[in-house]
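Residue numbers begin at 1 in each chain, while the letters A, B, ... track the order of the sequences. Just so you know, these numbers come straight off a predicted model, no measurement behind them.
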2 protein chains.
Amino acid sequence: MAGIKDVAREVSLSTATVSRALRGLPGVSDANRLKVTDAARRLGYVPSPSAVGLASGQTRTVAVIVPHVTRWFFGEVVQGAEEVLRTAGYDLLLYNLAGEPAARHRVFHTDLLSKRVDAVLVLGLRPTEEERRRLAGLGRPVAIVGAAAPDLFSVSIDDEQAARIATGHLLDLGHTRVGYLGGSLDSLDFVAPSARLAGYRAALRERGIEHHPELEDVGEFTVAGGRAAAARLLAGPDRPTAIFAASDEMAIGVLRAARELGLSVPSDLSVVGIDDHELAGFFDLTTVAQPVREQGRRGAERVLAELTGVRPPESEVLPVELVVRTSTAAPACPSAAGPSA
Amino acid sequence: MAGIKDVAREVSLSTATVSRALRGLPGVSDANRLKVTDAARRLGYVPSPSAVGLASGQTRTVAVIVPHVTRWFFGEVVQGAEEVLRTAGYDLLLYNLAGEPAARHRVFHTDLLSKRVDAVLVLGLRPTEEERRRLAGLGRPVAIVGAAAPDLFSVSIDDEQAARIATGHLLDLGHTRVGYLGGSLDSLDFVAPSARLAGYRAALRERGIEHHPELEDVGEFTVAGGRAAAARLLAGPDRPTAIFAASDEMAIGVLRAARELGLSVPSDLSVVGIDDHELAGFFDLTTVAQPVREQGRRGAERVLAELTGVRPPESEVLPVELVVRTSTAAPACPSAAGPSA
DNA sequence: TTGAAAGCGCTAACAC
DNA sequence: GTGTTAGCGCTTTCAA
């Protein structure tokens, strides 16, 4: 394990010069810089992060706090963030909450993060007031990804708008009994659901369609959760002719439930989701696509920029786009007027 | 940011005693230990990982090298590892190779050497000879998860056996033209494919079934990859009556291709995969289940054990189990005798 | 049982 | 353009 001293001795220079040369700082002659980088490579010198961290206060490490690594959305965001961080020479420290409140508490409340990372990326969750204070107290760049959070930089889509587009698509096709399947609202670990419910309701309101509370249901944000909730929703006497599921994974669950009930999609039931999950095309699922990996990249770029002194001003809201496939169609027997177009 | 000195001053003891007290080392009076822990809590003292690392050589961090975080299998393994590491107070440094050879090179040749981690978990890939040397040179615990690697501790399933079970299931149903869909063999990033191909061939051989090279094909280890490869395989004149796909994600792609070609499963085509992916049940996919998250846990437990001095002797091979669902059945017009049972 | 002092391997002032 | 000298905040001898 060659240290900076070994390199210095090898080239007969001081460790200070070696340090400067290796970090590309000014004030080193070209000749010496070359000698140093060459010797460093030959000796296989790699600086000790602990020593660098202690001496400089920089860890070149970013914490990424994720509700569930195993969910498609978060995996993609992590990958996007990792690409950017790696390119910039930063390491990624992964904190997976896995739905455990204890894990969440531990991450935010013990100052785990304090002297360990240069910046923090929080995925998919809206920090509580208390958590926000602690994040601010770090005095380090923080970005929320996949959720909007007041007073903190965030990069996300407009969840309410996405839901309005999805629901609006169904309404425009002529559906009037449109069900909503979302995540449980008190889930602190993932906040998109509440905004999506709001968007759903807004779309109904905008078009003067009556709102039926019995057409709203919640479940886990997974295929299994969507399937179970849809089974309930579709079991009733006056079932919806269309369902908007707050994520593609849930929507896929809806498709499954429909199949089990002998309903065909889209003739008996239209289904729309949000995400454009990698399997959405596979299921011919109409959905509102969002740039997922890109959100991870932007979040990482943002904290990196702040770290280097640039301070981009505003939170970013990325665009979404309706992707119409064949899981949606006009209702077989419209109980209302057809599409406005 | 309270430091150890602040705590020491607060309780009128030396930093040495405070350090000992906080780490539970012997040689501190009960009274003082209490005073110290109490003061530390009051002051919100958190040791600086950089300083600890520099002074003690321990980072309480484990590197996890993963080919693709976004693939289901790896997400699950990471989650399993994270659970164990977090419980033990270790942090997880994620290195996602994302299929980039440059990333792989950098991780093995630079990052790992940097005294940054106490142990390394390598997921799904078999280290090259060169990489093995570097891992060994770290002088730190290393575990390979999801792949067997000679000379290194590993926890995995027996991929060949799993493939033999899957293929054998199809053969026992009476299929004689059984296709194989695997990952590209020269993919250094994920090694299960070659063992699975071997298992497929072994199953044919064991039963004296002729081996048709044209029934073997490769693709990406994804739904899209499986779909594309299956489309090719099923386009031929004398198509297989059954396909064994080397992963459930590929198998799901096969189901899709079959549907697109108007083939029904299982009457026209039987399909079997490996993994028991979270969506396998959803697709009624017959598969060979493997304990994925558990592999991550075992890998993490192993390196942690080694770190505390215990050195468990052998690599672990976890059991797999055939899960029969409805994607497999006897061929409609068997060209050979029926099942042996 | 406790403390003093010497590092761990770097970076950062400040001289030269 | 380069070297010297202090630390960064802990842990770890070694003495007491």
Side-chain angles (χ1 to χ4, degrees), chain A residues 1-37 39-40 43-61 89 91 111-118 139 307, chain B residues 1-37 39-40 43-61 89 91 110 113-118 139-140 307:
Chain A
M1 292 291 95
I4 199 171
K5 279 185 189 163
D6 301 304
V7 180
R9 195 177 314 116
E10 177 83 3
V11 295
S12 309
L13 286 168
S14 70
T15 61
T17 302
V18 170
S19 175
R20 286 189 280 255
L22 257 18
R23 287 180 298 150
L25 296 186
V28 180
S29 71
D30 287 355
N32 278 340
R33 193 184 297 277
L34 220 63
K35 279 207 310 199
V36 168
T37 51
L43 299 177
Y45 167 70
V46 178
S48 151
S50 296
V52 173
L54 193 52
S56 72
Q58 310 236 283
T59 61
R60 294 200 77 82
T61 300
D91 279 325
D111 291 78
L112 273 188
L113 303 173
S114 54
K115 302 160 188 168
R116 213 183 197 332
V117 298
D118 292 342
L307 241 22
Chain B
M1 288 295 93
I4 200 171
K5 279 185 188 164
D6 301 304
V7 180
R9 195 177 314 114
E10 176 84 4
V11 295
S12 309
L13 286 168
S14 69
T15 60
T17 302
V18 170
S19 175
R20 286 190 279 257
L22 257 19
R23 288 179 299 151
L25 297 185
V28 179
S29 71
D30 288 354
N32 278 340
R33 192 184 298 277
L34 221 62
K35 279 207 311 200
V36 169
T37 50
L43 299 177
Y45 167 71
V46 178
S48 151
S50 294
V52 173
L54 193 52
S56 72
Q58 309 238 282
T59 60
R60 294 201 77 82
T61 299
D91 280 325
T110 307
L113 304 179
S114 64
K115 314 149 190 154
R116 207 186 195 326
V117 298
D118 292 344
R140 307 202 170 282
L307 241 22

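- Set against D/dG9, C/dC10, C/dT11, the side chain of B/Ala55 has D/dG9 as its closest nucleotide.
- Protein atom CG of A/Leu54 is 12 Å distant from nucleotide atom P of C/dA12, rounded to whole Å.
- For A/Arg116 and D/dC8, the CZ to C1' distance is 17 Å, given to the nearest whole Å.
- Between the CG atom of B/Leu43 and the C1' atom of D/dG9 there is a distance of 16 Å, given to the nearest Å.
- Put simply, the side chain of B/Arg140 gets close to the backbone of B/Val117: a donor and an acceptor are under 3.5 Å apart.
- Considering only side-chain atoms of A/Leu13, the nucleotide from C/dG9, D/dT2, D/dT11 that sits closest is D/dT2.
- Between A/Thr17 and D/dG3, a side-chain N or O to OP1/OP2 separation shorter than 4.0 Å is present.
- Here C/dG9 presents its P atom at 12 Å from CZ of A/Arg9, a figure rounded to the nearest Å.
- Rounded to an integer number of Å, the gap from NZ of B/Lys5 to C1' of D/dT11 is 14 Å.
- For DNA chain C, the residues of residues 20-30 of chain B within the heavy-atom distance limit of 4.0 Å (strictly under) are B/Arg20, B/Gly27, B/Val28, B/Ser29, sorted by number.
- Straight-line distance from the CZ atom of B/Arg60 to the C1' atom of D/dT11: 14 Å, rounded to whole Å.
- Under the 4.5 Å side-chain criterion, counting only non-hydrogen atoms from C-beta, B/Arg116 is in contact with A/Thr61.
- OP1 or OP2 of C/dT11 sits under 4.0 Å from a side-chain N or O of A/Ser19.
- In this structure, of D/dC10, D/dT2, C/dT11, it is D/dC10 that holds the atom nearest to the side chain of B/Ile4.
- The NZ-P distance, from B/Lys35 to C/dT1, rounds to 15 Å in whole Å.
- Between D/dG3 and A/Ser14, a contact under 4.0 Å exists linking OP1 or OP2 to a side-chain N or O.
- Judged by distance alone, the side chain of A/Lys115 and the main-chain N or O of B/Ser50 form no donor-acceptor pair under 3.5 Å.
- When each of D/dG9, C/dA12, D/dC10 is scored by its nearest atom to the side-chain atoms of A/Ala16, the top-ranked nucleotide is C/dA12.
- Nearest to the side-chain atoms of A/Val52 among the listed nucleotides D/dG3, D/dT11, C/dT11 stands C/dT11.
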Enumerate donor-acceptor pairs with a distance under 3.5 Å from any side-chain N or O in residues 8-16 of chain A to protein atoms, sequence neighbours excluded.
residue: A/Arg9; atom: NH1; partner: A/Asp6; partner atom: OD1; Å: 3.4
residue: A/Glu10; atom: OE2; partner: A/Arg42; partner atom: NH2; Å: 2.6
residue: A/Ser14; atom: OG; partner: A/Ala16; partner atom: N; Å: 3.4
residue: A/Ser14; atom: OG; partner: A/Thr17; partner atom: N; Å: 3.2
residue: A/Ser14; atom: OG; partner: A/Thr17; partner atom: OG1; Å: 3.2

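- In this structure, A/Asp6 atom CG and C/dG9 atom C1' are separated by 11 Å, rounded to whole Å.
- Between A/Tyr45 and A/Leu22, some side-chain heavy-atom pair lies under the 4.5 Å cut-off.
- Pairs of residues two or more places apart, or lying in two chains, never qualify as salt bridge (charged side-chain N to carboxylate O under 4.0 Å, His left out) while including a residue from residues 21-37 of chain B.
- Nearest heavy atoms, A/Asp118 versus A/Gly57: OD1-O, 4.2 Å.
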